[in-house]
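One structure is given here, and the rest of the page talks about it.
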Amino acid sequence: MRSKPLPRTFYDRSVVQVARELLGKQLIRKTDDGITSGRIVEVEAYKAKGDPACHAARGRTRRNATMFGPPGHAYVYTIHAKFCFNVVTQPEGEPSAVLVRAVEPLDGIELMKHRRSRDKLLDLTRGPARMCEAMALDTTHDAIDLTNDDRLWITDDETYQIKRSQIGSSPRIGISSAQRLKLRYFLRENEFVSGPRWLSHA
DNA sequence: CTACCGATTGACT
DNA sequence: GTCAATCGGTAGA
């Protein structure tokens, strides 16, 4: 039995709305080695317009081509010889995406420990590249359709409800431009949120 | 082809 | 807290 993927209509909305509503959802990854899953606790929005930090800000390239495609697909890219996982939002032609920066490990914790060569729970999925390593995600998973693929999808955890007051926001991490845009969203007081502590209560 | 650099991480003081 | 490793993507010659 497989949990139900979020429908296309969930992703086909403004990037900020999708980003905030992704908090608390479950990211599920299936490989021959088994299933790993985690609760999304930290995300960042990258907007099509007025956002110089967005990869698509300077036009389409081979790397960011997935962002120009339909919503609900994975956008995976390399950075510093590591990987980051994003979700494409908005209609085609409005290249926006949500970066998933951290999840709280749920299923497959032993498998994650093995992939990460780390034993501490906090070191498994706290940070975008760590999360990708724990869930065995790389650029071969770029452009996967998250609404229709047995390897990777996101599902609603109906038993886990988020109150608006639980969501914090801050400038995005590792971004020098557009500091005034508070496009990072996270679950306050969740220990698996990455970044400096002073940014985790904003 | 070369040069530069980043939506990061882990080791170290 | 500081800092260097890392390597594919991109722009430019």
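Basis for what follows: all heavy atoms, side chains included, without hydrogens, waters or symmetry-related copies. The sequence lines fix the lettering, A, B, ..., with proteins before strands; numbering per chain opens at 1.
- Residues passing the side-chain contact (heavy atoms from CB on, under 4.5 Å) test with A/Ile79 are A/Arg63, A/Tyr77, A/Cys84, sequence neighbours excluded.
- Going from atom CD of A/Glu42 over to atom C1' of B/dT8 covers 13 Å, rounded to whole Å.
- If you measure from atom CZ of A/Arg101 to atom C1' of B/dA7, you get 7 Å, rounded to the nearest angstrom.
- Within residues 64-81 of chain A, the residues that have a heavy atom under 4.0 Å from DNA chain C are, in order of number, A/Thr78, A/His80, A/Ala81.
- The side-chain hydrogen bond (donor to acceptor under 3.5 Å, both in side chains) pairs that include a residue from residues 135-147 of chain A are A/Arg8-A/Asp145, A/Arg8-A/Thr147, A/Arg29-A/His141, A/Thr66-A/Asp142, A/Asp138-A/Thr140, A/Asp145-A/Thr147, where partners are two or more places apart or lie in different chains.
- Each side-chain hydrogen bond (donor to acceptor under 3.5 Å, both in side chains) pair with one or both residues in residues 9-24 of chain A, not counting sequence neighbours, appears once here: A/Arg13-A/Glu21.
- Here A/Arg116 pairs with A/Glu133 under the side-chain hydrogen bond (donor to acceptor under 3.5 Å, both in side chains) rule; sequence neighbours left out.
- Not counting sequence neighbours, the partners of A/Tyr46 by the side-chain hydrogen bond (donor to acceptor under 3.5 Å, both in side chains) test are A/Glu44.
- Rounded to whole Å, the distance from CE on A/Met131 to C1' on B/dT9 is 15 Å.
- Using a 4.0 Å cut-off between a side-chain N of Lys or Arg and a carboxylate O of Asp or Glu, A/Lys49 and A/Glu94 qualify as a salt bridge.
- Smallest separation of non-hydrogen atoms from A/Ser177 and A/Pro52: OG-CG, 4.0 Å.
- Evaluation of the side-chain hydrogen bond (donor to acceptor under 3.5 Å, both in side chains) rule for A/Thr31 yields A/Arg115 as partners, not counting sequence neighbours.
- Between the A/Arg184 side chain and the A/Ile173 main chain, no donor and acceptor come within less than 3.5 Å of each other.
- With sequence neighbours excluded, no residue forms a ring-ring contact (aromatic ring centres under 6.0 Å, His included) with A/Phe83.
- Interface residues of residues 44-63 of chain A facing DNA chain B, ordered by number: A/Tyr46, A/Ala53, A/His55; criterion, heavy-atom separation under 4.0 Å.
- In this structure, A/Phe83 atom CZ and C/dC7 atom P are separated by 11 Å, rounded to whole Å.
- Qualifying side-chain hydrogen bond (donor to acceptor under 3.5 Å, both in side chains) partners for A/Arg151, counting only residues two or more places apart in sequence or in other chains: A/Asp149.
- Put simply, CG on A/Leu99 is 11 Å from C1' on B/dT8, counting in whole angstrom units.
- The closest side-chain heavy-atom distance from A/Val87 to A/Leu146 is below 4.5 Å.
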Original post:
For DNA chain C, what is the dot-bracket line, given that a base pair needs Watson-Crick (N1 to N3, plus N6-O4 or O6-N4) or G-U wobble (N1-O2 and O6-N3) geometry with both distances under 3.5 Å, and | means paired with another strand?
Top reply: |||||.||||||.

Output a table of nitrogen or oxygen pairs between the protein and nucleotides 10-12 of chain B separated by less than 3.5 Å.
unit_1 : atom_1 : unit_2   : atom_2 : d
B/dG10 : OP1    : A/Arg116 : NH1    : 2.9
B/dG10 : OP1    : A/Arg116 : NH2    : 3.0
B/dG10 : OP2    : A/Arg130 : NE     : 2.5
B/dG10 : OP2    : A/Arg130 : NH2    : 2.9

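- The side-chain heavy atoms of A/Val103 and A/Val41, taken from C-beta on, include no pair separated by under 4.5 Å.
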